[in-house]
Structure formats: structure tokens, C-alpha cells
Amino acid sequence: MTIPDLNIAKFGGTSVANYAAMQNCAKIIAANPSTRVVVVSASAGVTNHLVSLSNTALTHAQIAQILEQIKTIENGIVAQLAKPDEVTEKLSSLFDAMEELAFHEELLHRDDLKDGLLSFGERMSSLLITEVLKEQGVNAENFDARNVLRTNSVFGEAVPQIDEIKSLASQVMKSELAEKVYVTQGFIGADEQGRTTTLGRGGSDFTAALLAEALDAVSCEIWTDVVGVFTTDPRITDAARPLPELSFDEAAEMANFGAKVLHPATMEPALRKNIKVFVGSSKEPEKGGTWIVRDCVNEPPYRAITRRKQQVMVTVKTPKMMHAQGFLQQVFTIIAKHSLSVDLVTTSEIAVSFTLDNPTNSVAERLNRETLDELRDFCEVVVESDYDLVTVVGNNMHSAAGVSAKIFSSVRDYNLRMICYGANPHNMSFLVHQDDSTEIVKELHRSLFE
Ligand code: ASP
Ligand code: MG
């Protein structure tokens, strides 16, 4: 049976950080009868602990200590449950399995084991919040996302297999939705062999959107600790304010260009199926939030300003480049061969500068000796990494008269290393020195929004 107005609600790490926070979530879930699937992150801090277990060489005592910190978070929640006995057995078998992996000899060298270990945060939080929901009278059932969230086998950054997810979700979940509320884990999936995979840090939003798509939901709520998506990061300026609405395209640009509210891939399923996405605070649901929709009431030229930090810029030049054919191709072939992806490019007669896509800040490592040596075989290479990328997101930025003039006049006093219009009309970016980026964002915010 299909629920006509099905809603998927996702709760982030701070929203499920402790018992009181989980109770806020439970109230939000209980208040909306259309919410039949709940997706949760690990309780705040837990994934970070698991990541440090999985990528640092630690002593036995250090491992034990980190495990203890995780257990303290989980047990703190259990201690406040009305019926703790309902979960103690399940939780302790999760603890045992987590410990076994944490102490596994090959953990540091095997990505499949790492993903296995990382999955425990969500598996524990989803178990516990299910109990909190039952306390509030919700007919909740803990559901293992790995039964439906099929991915490829790229551990750590697994790619969801959309068609399979859809068919598995229809088979296993759909018929039950009228009766119960499924509570499942974000971030984790399983490959064809049933091995646990993860979608990359922050991937729970993506899970929620994927399930919304697979189950034909009409909406997907992302509950977090902010009252929506802001004009810019409120930590940069007090003048930042929440946006009542945003288009899919704008939201995707914002996520790509560094806004931390949504995992960048989240908008893909929403776009494909026209599922509206809501972002709000589980602590203050009465304050409303941001609706991300296909067609907005307003399409202002400026919607928001984002910043992406620690950009790596590579400049290649050769005297021979003048009128040389094939130079760019040679450069980009080497970059692609080393699995680096190019983000922004500017060219002049004698030099090409580009930034590298740096979603996990791992580019510096991957831009290794080998890549540089191959480039240096035929050109001069300069690598600079103290840049931030500031992006103005909006609409019709290429065509509307005066739109870019206004942006340029607010940044005229700064040294702009690169200026890029996006391939679509929704963004305009500046690569600036990291010491200037806060002031630039403030200045742009003042002139475009205040
Ligand atoms: N728990 C995972 C993380 O911290 C996934 C998520 O929260 O979305 O990255
Ligand atoms: Mg999170």
C-alpha cells in the first residue's frame, strides 16, 4: 500500500545526541501522521570517535578508552528510558560486535572493516530512538537500512544503486508503512555481497532523500540544530538570516560550494522526483525552517553566500603553451588519471590555473609527488593551498543587468585570485586568500542582503 502523502524525517547527530534531544524528535514524529520512515544519524560525536578508531594506530588502552566514551554516550540514553530492559540485550551485542572490529588486527588496512565499524553509531542511535518513540505511543520499529540501501563496493564513499534500492524498498518496506513507523540508519548501506558500506561523512541526509525517492514520498524533512538554511554561515556574521524557501538548484549549488547544512548529493533524488525538502531545528520546530522546492515563489538574483575553505589551486604554465595544441588535454589527462577532479578553471595565453574539488580536504594528500612529477615533465607547476572559495548563489546571475556589477563593487578592495561564473546561472565564485574570506563574505552580505 502506498501512503499518499508520505514524509521521511531525518534527524542529525545533535538532534539525537541524548535522551532529551530524542524526545524532541519523537514529538515531531508523533505530530505528523504522514511520517512513516525516520532516518537517524549517529548521536553527536560517535562517528568521530569511530573514525579515530578506524584510521589511527592506537594502543590497546587508547582503543578501550575511546570505546568507553562511546558507551558512555549510549548508556546515558539507556539510563533515561522508561523500559531500559527492552534494549539492553541488543545494545550489548552491538557493543560486543563494535569492540571486536575496533580491536581487529587488520582494521587500519581494510576499508570494508572500517565501514563495518563506522556503521555502529547509526545502528545504536536508531535502536535507542525507537524505544523513545514507543514511549510516546508511536508504533515504531527499528529497521536495518542495509536490507534496502544497496550500494556498490567503494567503501567509505559508496555509490547507491538507485533501481535496486527502489525495488528492495518496495518489496520490504512499502506494505508495512500504513501500520508502523520504520526507524532506520542514515549513512550506511550494503553491497551485493551484503558487506556494510558507508556513503561518506554526513551521508544520512542522502539516505533520507534516497528512501524518499524509493518510497515515492512527497516530502523529506531534515531536522538538525539550525532553524533552516541561512543567507550565509551565521558564525561568519550575526546578520545572517534563515531563508523561508530555496530552489533545488540553489540548494544544490549551496551544498556544492560549502554550505554545511546538507550533504551535497541530497538534492539529486529530490530533483529527480520533485520531492520537497524541509530543513529545520528539532529543538525549535515552532520556528519553522526552509522549504526547498522546485519552483519558488521568488527567484531573487542573490539568495545566499557560501564559503568553501582550504582550496588547492594549481597553476601550470609553459612558454610553449602559446598557441600550443593539446596542452590542456595533457594536463587534464594526468589529473584524471590520478582520480583528482577539477573544480574551477581559468586560462590565459600562457598559464592555466585550476582548483581541485576538495570535498573531504584530502586533495593535498592525493596531489602527490607522482602527479606533480608527471606534470613537471612538460610544464612549470605551482601549488598553492591558502585559498578559500566564496560563492554567491542566486538566479539569472549571467543575464540580469547590474547583478554582477553589484557583486564586483562590494569586493573591489580585495585581491581576487580567480573569478568564475558557474556553468549554470546560479553561482558566481571568487577564489580569495584565506585571510580575506571572512571580511569578503561580510562585505558581500552587507551589500546584497542588509
Ligand atoms: N554519522 C555520520 C557522520 O557523522 C553520518 C551523518 O551524520 O550524516 O558523518
Ligand atoms: Mg551529521
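Both counts, for ligands and for their atoms, begin at 1 and track the order of listing. The structure presented is a predicted model; accordingly, all values stated were derived computationally and were not measured.
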Show the numbers, then the answer: is there a side chain to side chain contact (heavy atoms under 4.5 Å, CB included) between Arg417 and Val432?
-> CA-CA 6 Å; Arg417 233 9 219 94; Val432 303; over 6 Å; no
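- For ligand 1, the atoms lying closer than 4.0 Å to a non-hydrogen atom of Ser41 are 6 (C), 7 (O), 8 (O).
- Residue Phe187 has no N or O atom closer than 3.5 Å to an N or O atom of ligand 1.
- Under the 4.0 Å criterion applied to side-chain N and carboxylate O atoms, Arg195 and Asp115 are not assigned as salt-bridge partners.
- Proximity to Ser204 (heavy-atom distance under 4.0 Å) selects the following atoms of ligand 1: 5 (C), 6 (C), 7 (O), 8 (O).
- Using a cutoff of 4.0 Å between basic side-chain nitrogens and carboxylate oxygens, Glu450 and Arg446 are not scored as salt-bridged.
- The shortest N or O to N or O distance between Asp205 and ligand 1 is not below 3.5 Å.
- Residues Lys10 and Asp205 are paired through a salt bridge, judged by an N-O separation under 4.0 Å between the basic side chain and the carboxylate.
- Under a 4.0 Å heavy-atom criterion, Gly203 is in contact with ligand 1.
- Between Gly186 and ligand 1 there is no heavy-atom distance shorter than 4.0 Å.
- Residue Arg201 has at least one heavy-atom neighbour below 4.0 Å for each of these atoms of ligand 1: 3 (C), 4 (O), 9 (O).
- For Lys273, the side chain to side chain donor-acceptor pair (under 3.5 Å) criterion is met by no residue, not counting sequence neighbours.
- Sequence neighbours left out, the pairs with a member in residues 245-295 that pass ring-ring contact (aromatic ring centres under 6.0 Å, His included) are Phe206-His263, Trp223-Phe278, Phe278-Trp291.
- Here the shortest heavy-atom distance to atom 2 (C) of ligand 1, taken over Gln185, Glu122, His263, Lys10, belongs to Glu122.
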